[in-house]
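Here's the structure, in structure tokens; my notes come after.
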Number of protein chains: 2
Amino acid sequence: MKKIDILKKLRSSGLRPTKQRVEIARFLFEREKTFHFTVESLNKFFEKKTTSKIALATIYNTVHAFKNAGHLSEVEVRGKKTYFDTNVSNHHHFYDSDTSELIDIDANDVIIQKIPKAPNGKKIKNIEVFINLKN
Amino acid sequence: MKKIDILKKLRSSGLRPTKQRVEIARFLFEREKTFHFTVESLNKFFEKKTTSKIALATIYNTVHAFKNAGHLSEVEVRGKKTYFDTNVSNHHHFYDSDTSELIDIDANDVIIQKIPKAPNGKKIKNIEVFINLKN
DNA sequence: TTTTCACTTTAGAATCATTATAAACTAAAA
DNA sequence: TTTTAGTTTATAATGATTCTAAAGTGAAAA
Ligand SMILES: [Mn+2]
Ligand SMILES: [Mn+2]
Ligand SMILES: [Zn+2]
Ligand SMILES: [Zn+2]
């Protein structure tokens with residue numbers, strides 16, 4: 001992902017490209033593969049980089065802005081912390097409760113043959129499949 | 001569910017049948033159909049019954065004991081509160097985010113034709129399907 | 001019957017992720 | 001240069017959950 005795209009992501013989220021926000025955006029989006037993270041893990045990363053300490057509130061605010069703009073999705077995982085995902089396409093997950101690790105499953109790798117009708121007056125928005133793992 | 005089964009559920013959870021625990025167990029298990037609840041909803045119910053106020057800590061303790069004994073399951077739902085389920089069989093859920101309501105789907109009503117292999121060294125424990133609803 | 005004692009209940013404190021607040025800061029525009 | 005809207009930040013507040021420690025309960029022992 002190029003720098004111009006980082007700026008585009010920020011602008012489309014209603015965020016001015018400040019130093020802190022650009023750093024967060026680069027960490028999230030300047031990589032080969034998408035990944036899953038928590039606010040805590042993000043914060044730890046920036047704490048280690050002594051060059052740049054970013055306030056926790058700024059991390060929360062920026063992550064939420066990206067999420068609201070559709071640049072991040074939220075994955076529901078057992079436990080207290082909220083997991084975010086830079087993969088915003090329709091996909092599924094393996095979940096390894098031993099390591100608390102999420103692994104993406106491409107939507108095409110899951111075929112559902114039969115599902116029940118939606119309740120009266122409701123429609124199906126999307127289907128999420130979680131495959132829980134054990135050793 | 002008969003009173004003897006209530007006592008059985010308590011005993012198999014390592015709990016003596018005290019007045020409070022029996023009340024909780026009867027509310028959870030003495031009904032035709034299984035249901036989903038939060039600790040908050042349980043607590044509200046007992047607050048209304050002026051005959052019996054049960055401390056929040058007792059509700060938490062009892063619910064966790066039932067869960068550990070396999071008499072309750074936990075359903076992962078978006079949002080802060082933990083949802084419990086008196087349906088402990090393998091099944092799936094509709095989730096209506098408008099009303100925060102969970103609706104059971106029988107395991108037989110979902111047929112999955114294709115799933116990916118588990119990652120190296122891991123096995124599949126179970127599969128959970130969430131069908132999110134909209135209006 | 002009285003005492004003992006392990007188990008319970010309970011109110012309130014502590015924890016921890018998240019959200020809110022409000023003061024200081026920044027930089028573009030006037 | 002001044003204004004101003006937007007931003008960062010430290011800290012406080014919130015809310016679900018867990019912990020704690022003191023008081024209560026009741027079955028069995030003495
Ligand atoms: Mn969760
Ligand atoms: Mn949840
Ligand atoms: Zn993912
Ligand atoms: Zn259910």
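So you know, we letter chains A, B, ... as the sequences are listed, proteins then strands, and number each from 1. Remember, it's a predicted structure, so these values are computed and weren't measured experimentally.
- Less than 6.0 angstrom separates the ring centroid of B/Phe29 from the ring centroid of B/Phe66.
- Of all heavy-atom pairs spanning B/Val22 and B/Leu7, the tightest one is CG2-CD2, 4.4 Å.
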Quiz item: Reading nucleotides 21-30 of chain C 5' to 3', which nucleotides get B (base under 4.0 Å from a protein heavy atom), which S (sugar-phosphate only), which -?
Solution: ----------

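- Distance, B/Arg21 CZ to C/dT8 C1': 6 Å, rounded to whole Å.
- In this structure, CZ of A/Arg78 is placed 16 Å from C1' of D/dT17, rounded to the nearest angstrom.
- Atom-to-atom, NZ of A/Lys53 to C1' of D/dT11 comes out at 12 Å; the value is rounded to the nearest Å.
- Distance B/Phe46 CZ to C/dT10 C1': 16 Å, rounded to the nearest Å.
- Across C/dT8, D/dT9, C/dT10, the shortest atom-to-atom separation from the side chain of A/Ile54 is found for D/dT9.
- For the OP1/OP2 pair of D/dT7 and a distance below 4.0 Å, the side-chain nitrogens and oxygens of A/Thr18 include no atom meeting the criterion.
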Between N or O atoms, less than 3.5 Å apart, protein on one side and nucleotides 15-18 of chain C on the other: list the pairs.
{"residue": "C/dT18", "atom": "OP1", "partner": "A/Thr82", "partner atom": "N", "Å": "2.8"}
{"residue": "C/dT18", "atom": "OP1", "partner": "A/Thr82", "partner atom": "OG1", "Å": "2.7"}
{"residue": "C/dT18", "atom": "OP2", "partner": "A/Tyr60", "partner atom": "OH", "Å": "2.7"}
{"residue": "C/dT18", "atom": "O5'", "partner": "A/Tyr60", "partner atom": "OH", "Å": "3.2"}

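- Taking atom CD1 of residue B/Ile59 and atom C1' of nucleotide C/dT8, one finds them 15 Å apart after rounding to whole Å.
- At whole-Å resolution of the value, NZ in A/Lys19 and C1' in D/dG6 are 17 Å apart.
- The residues B/Glu47 and B/Lys53 are annotated as not salt-bridged, no charged nitrogen and carboxylate oxygen being separated by less than 4.0 angstrom.
- Side-chain N or O atoms of B/Ser12 include one that pairs as donor or acceptor with a backbone N or O of B/Lys9 at under 3.5 Å.
- Side-chain N/O atoms of B/Gln20 include one lying less than 4.0 angstrom from OP1 or OP2 on C/dT10.
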Quiz prompt | Working for side-chain hydrogen bond (donor to acceptor under 3.5 Å, both in side chains), residues B/His91 and B/Asp109 | solution = CA-CA 9 Å; B/His91 69 288; B/Asp109 291 340; over 6 Å; no

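- Checked against a 6.0 Å centroid threshold, the rings of A/Phe37 and A/Tyr83 do not count as neighbours.
- One interatomic measurement links the two molecules: CG of A/Leu15 to C1' of D/dA5, which rounds to 15 Å at whole-angstrom precision.
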Practice problem: Assess whether salt bridge (Lys or Arg N to Asp or Glu O under 4.0 Å) is satisfied between A/Arg78 and B/Glu128, documenting all intermediate values. | Solution: CA-CA 13 Å; A/Arg78 214 153 305 249; B/Glu128 288 180 86; 3.6 Å; yes

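- Exactly one of B/Lys33, B/His92, B/His36 qualifies for a side chain to side chain donor-acceptor pair (under 3.5 Å) with B/Asp104. That residue is B/His36.
- Regarding B/Ile24, its CD1 atom lies at a distance of 13 Å from the P atom of C/dT8, rounded to whole Å.
- In the hydrophobic clustering, where aliphatic and aromatic side chains (Ile, Leu, Val, Met, Phe, Trp, Tyr) are joined below 4.5 Å either directly or transitively, A/Val88 stands alone.
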